[in-house]
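All remarks here apply to the structure that follows.
In the text below, chain A, chain B and the rest are named by the order of the sequence lines, each starting its count at 1.
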Number of protein chains: 2
Amino acid sequence: MTKKWTPASAADGVEQVLKILEGKWKLVILFHLFGGQVKRFSELEKAIPAITQKMLIQQLRQLEADGIVTRTIYHQVPPKVEYSLTDWGQELCPALDALLKWAENKK
Amino acid sequence: MTKKWTPASAADGVEQVLKILEGKWKLVILFHLFGGQVKRFSELEKAIPAITQKMLIQQLRQLEADGIVTRTIYHQVPPKVEYSLTDWGQELCPALDALLKWAENKK
DNA sequence: CGGCATCCCCCGTGATACTG
DNA sequence: CAGTATCACGGGGGATGCCG
């Protein structure tokens with residue numbers, strides 16, 4: 001069943017979501033992790049050449065704080081850190097798919 | 001069928017969408033217009049007390065430019081302008097619904 | 001290799017006052 | 001009623017350099 005919204009509460013809810021997705025690079029990062037992919041910090045850097053280290057870290061930390069990505073640290077030399085999506089993060093995929101389909105319908 | 005994405009193209013597509021939804025007030029406005037509602041400028045002002053005139057206009061203009069809302073002007077005194085969603089704008093509703101449902105699934 | 005700190009600039013937002 | 005114009009500010013984001 002579709003939930004009952006007031007304009008205010010619905011906008012509030014989606015606003016929370018968009019705040020999570022906000023930030024120039026979050027989506028790019030997410031799409032690189034969708035499908036259960038696990039990537040190292042340096043792999044993400046290579047995959048997204050235009051991003052700066054500062055931004056990559058910052059956005060990853062926010063995604064982590066929001067419970068979307070998981071950070072796994074291997075205490076070894078050289079250091080190794082892997083990023084992957086949480087289950088909840090994976091479930092975001094269909095929602096973004098809906099947005100993409102909507103965008104394609106434009107014309 | 002689900003479209004085939006490269007991380008880059010998918011991120012690009014959704015980024016365009018988020019750019020459209022961006023802006024502190026767009027979502028609030030949209031939810032006030034969903035379901036075929038037609039609202040006058042002053043009605044939107046009353047419905048969203050915290051917004052300033054400048055912001056309301058600006059966001060409405062951007063939504064209009066993006067093809068999401070329609071602006072109807074009645075040349076009379078006093079002036080009267082009505083805002084409503086385009087068909088494409090209405091179709092955005094289910095996509096936002098998907099985001100809301102995802103957010104509810106958190107915990 | 002992975003991450004933090006600092007400086008700086010730009011733009012989105014807000015407050016206020018004025019107009020057709 | 002439905003805008004436009006102007007000023008001011010705060011924070012997101014970029015560049016660069018240093019640490020464990």
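A donor-acceptor distance shorter than 3.5 angstrom exists from the side chain of A:W102 to the backbone of B:W88, with no hydrogens or angles considered. Side chain of B:T86 to main chain of B:T70: no donor-acceptor pair is present (N/O by atom type, distance under 3.5 Å, no hydrogens or angles). Side-chain atoms of B:Q90 come within 3.5 Å of backbone N or O of B:G35 as a donor-acceptor pair.
In summary, contact between chain B and DNA chain D, defined as any nucleotide atom under 4.0 Å from a heavy atom of the protein, begins and ends at D:dC1 to D:dT6 in the 5' to 3' direction. Taking a heavy-atom distance under 4.0 Å as the criterion, the stretch of DNA chain C touched by chain A extends 5' to 3' from C:dC1 to C:dT6.
Within the nucleic acid shown, B:Y74 has no heavy atom closer than 4.0 Å to any nucleic acid atom.
Under the 4.5 Å side-chain heavy-atom criterion for Ile, Leu, Val, Met, Phe, Trp and Tyr, A:L63 and A:I73 are members of the same hydrophobic cluster.
Summarising the geometry, atom CZ belonging to B:F41 is positioned 4.0 Å from atom CD1 belonging to B:I57; distances are rounded to the nearest 0.5 Å. With values rounded to the nearest 0.5 angstrom, A:I48 atom CD1 is found 11.5 Å from A:E43 atom CD. Going from atom CG of B:D97 over to atom NZ of B:K101 covers 4.0 Å, rounded to the nearest 0.5 Å. In this structure, B:S9 OG and B:E15 CD are separated by 12.0 Å, a value rounded to the nearest 0.5 Å. To the nearest 0.5 Å, the span separating OG on B:S84 from CZ on B:F34 amounts to 12.5 Å. Separating the CG atom in B:L56 from the CD1 atom in B:I51 is a distance of 4.5 Å, to the nearest 0.5 Å.
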Go through the steps to decide whether A:L33 and A:I68 satisfy the test side chain to side chain contact (heavy atoms under 4.5 Å, CB included), and finish with yes or no. CA-CA 10 Å; A:L33 295 177; A:I68 297 180; over 6 Å; no

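A:E82 has a carboxylate O that lies under 4.0 Å from a charged side-chain N of A:K80, or vice versa, which qualifies the two as a salt bridge.
Counting all heavy atoms, side chain and backbone alike, B:P79 lies closest to B:R40 at O-NH2, 3.5 Å.
Between its two ends, the helix from C:dC1-D:dG20 to C:dG20-D:dC1 turns its axis by 50°, counting five pairs per end and rounding to 10 degrees.
With a 6.0 Å cutoff to the six-membered ring centre and a 45° limit on the axis angle, B:K39 does not count as a cation-pi contact of B:Y83.
Listed by residue number, B:R40, B:F41, B:S42 are the residues of residues 22-51 of chain B with a heavy-atom contact under 4.0 Å to DNA chain D. Using a 4.0 Å cut-off on heavy atoms, the residues of residues 56-71 of chain A that approach DNA chain D are A:Q58, A:Q59, listed by number.
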Please set out all donor-acceptor pairs under 3.5 angstrom arising from side-chain atoms of residues 16-31 of chain A, sequence neighbours excluded.
| from | atom 1 | to | atom 2 | distance (Å) |
| --- | --- | --- | --- | --- |
| A:K26 | NZ | A:I20 | O | 3.2 |
| A:K26 | NZ | A:E22 | O | 2.8 |
| A:K26 | NZ | A:Q62 | OE1 | 2.9 |

